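Note that ligands are numbered from 1 as they come in the structure, with each ligand's atoms numbered from 1 the same way. Treat the numbers as computed from the prediction; the structure is a model and nothing was measured.
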Amino acid sequence: MPPIRTAQKRRYLVCPPEHFDVRYAINPWMTSEEPVDVDLARKQWDTLISLYRELGHTVETVEPVADLPDMVFAANCALVLDGKVFGAQFHAPERQPEAAHYRIWFENAGFETRVPSHTCEGEGDFTPVGGYILAGTGFRTLPAAHHEVQEFFGAPTVSLHLVDPHFYHLDTALFALDSENIAYYPGAFSAGSQKVLRTLFPHAVISTRQDALAFGLNSLSDGRNVVMAQDATGLMEGIAARGYVPVPVDLSEFRKAGGGVKCCTQEIRE
Ligand code: ARG
């Protein structure tokens, strides 16, 4: 019998998809083949937020800004730990103005915030787990930002090299199931980084490429309930076998921009 898992109440920051669209291409998912169905995107996002509230989490919103179609991806705006905010410096010029809007939100909410000196995309590339901060690089966040994050929080960062452009952010290839364990897709990482992950997390749940491409690893766990892409059925079974409870959701419109559950959600850890 798998262990009984315990949920913890979380505080999330999100940005309504008022201005969400695919208007430029900064990752392989952003093709103009199929236009975004704006009404469907809104419905899917509303369902996600209702799920969070039903699970007992607190959800706060930042005001969406016109002409920032990726601002809905709140995870990229910061890494928040111990009530301290390490902001973002976006790689793509199109997204750079987002950072200040989020910073102002955090300042108004009373947080100490740090403006990074190097390219870094918040929780897109940083995952706190097991006493470490797992840190992705290769496409967006630079290793120099990993050092800066380590100094700012005084927690060890573990640099992991992403090698497949479909998994351009760490949070498309790996997520924390709870404070100790992770699920990930090994093929998204360099051989050396795969070895690091095997050593640090010998009991990790391993995802197939298919489930990873379904954005199954762009999931959000509260330690028990795992809100995740409904198409990642193999991964759902894998985590259920470990005692976690998959909560499937359809975010197909956001996948057109290369985003999923986690991308839409910034966690505020206090
Ligand atoms: N279109 C956005 C980008 O490429 C998607 C961001 C997804 N966010 C994430 N945390 N993976 O920047």
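Checked for salt-bridge contact, Arg255 and Asp231 meet the test: a charged N lies under 4.0 Å from a carboxylate O. A salt bridge links Arg269 with Glu123: the closest approach of a Lys/Arg side-chain nitrogen to an acidic carboxylate oxygen falls below 4.0 angstrom. Comment: Arg42 engages Asp46 in a salt bridge, judged by a side-chain N to carboxylate O separation of less than 4.0 angstrom.
Taking the six-membered ring where tryptophan is involved, the planes of Tyr52 and Tyr12 are tilted, since the angle between them lies from 30° to 60°. Between Phe254 and Phe20, the ring-plane angle classifies as parallel under the 30° and 60° cut-offs.
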Which is it for Asp211 and Tyr185 under the side chain to side chain donor-acceptor pair (under 3.5 Å) test, yes or no, and what are the steps along the way? CA-CA 9 Å; Asp211 284 338; Tyr185 166 53; over 6 Å; no
When you pair each N or O of ligand 1 with protein N or O atoms, which pairs come out under 3.5 Å?
unit_1   : atom_1 : unit_2 : atom_2 : d
ligand 1 : 1 (N)  : Asp70  : OD1    : 3.1
ligand 1 : 1 (N)  : Asp70  : OD2    : 3.0
ligand 1 : 1 (N)  : Ala257 : O      : 2.8
ligand 1 : 4 (O)  : Asn27  : ND2    : 2.7
ligand 1 : 4 (O)  : Arg140 : NH2    : 2.8
ligand 1 : 8 (N)  : Asn76  : OD1    : 3.0
ligand 1 : 10 (N) : Asn76  : ND2    : 3.0
ligand 1 : 10 (N) : Asp171 : OD1    : 3.3
ligand 1 : 10 (N) : Asp171 : OD2    : 2.7
ligand 1 : 11 (N) : His169 : ND1    : 2.8
ligand 1 : 11 (N) : Asp171 : OD1    : 2.8
ligand 1 : 12 (O) : Arg95  : NH1    : 2.6
ligand 1 : 12 (O) : Arg140 : NH1    : 2.9

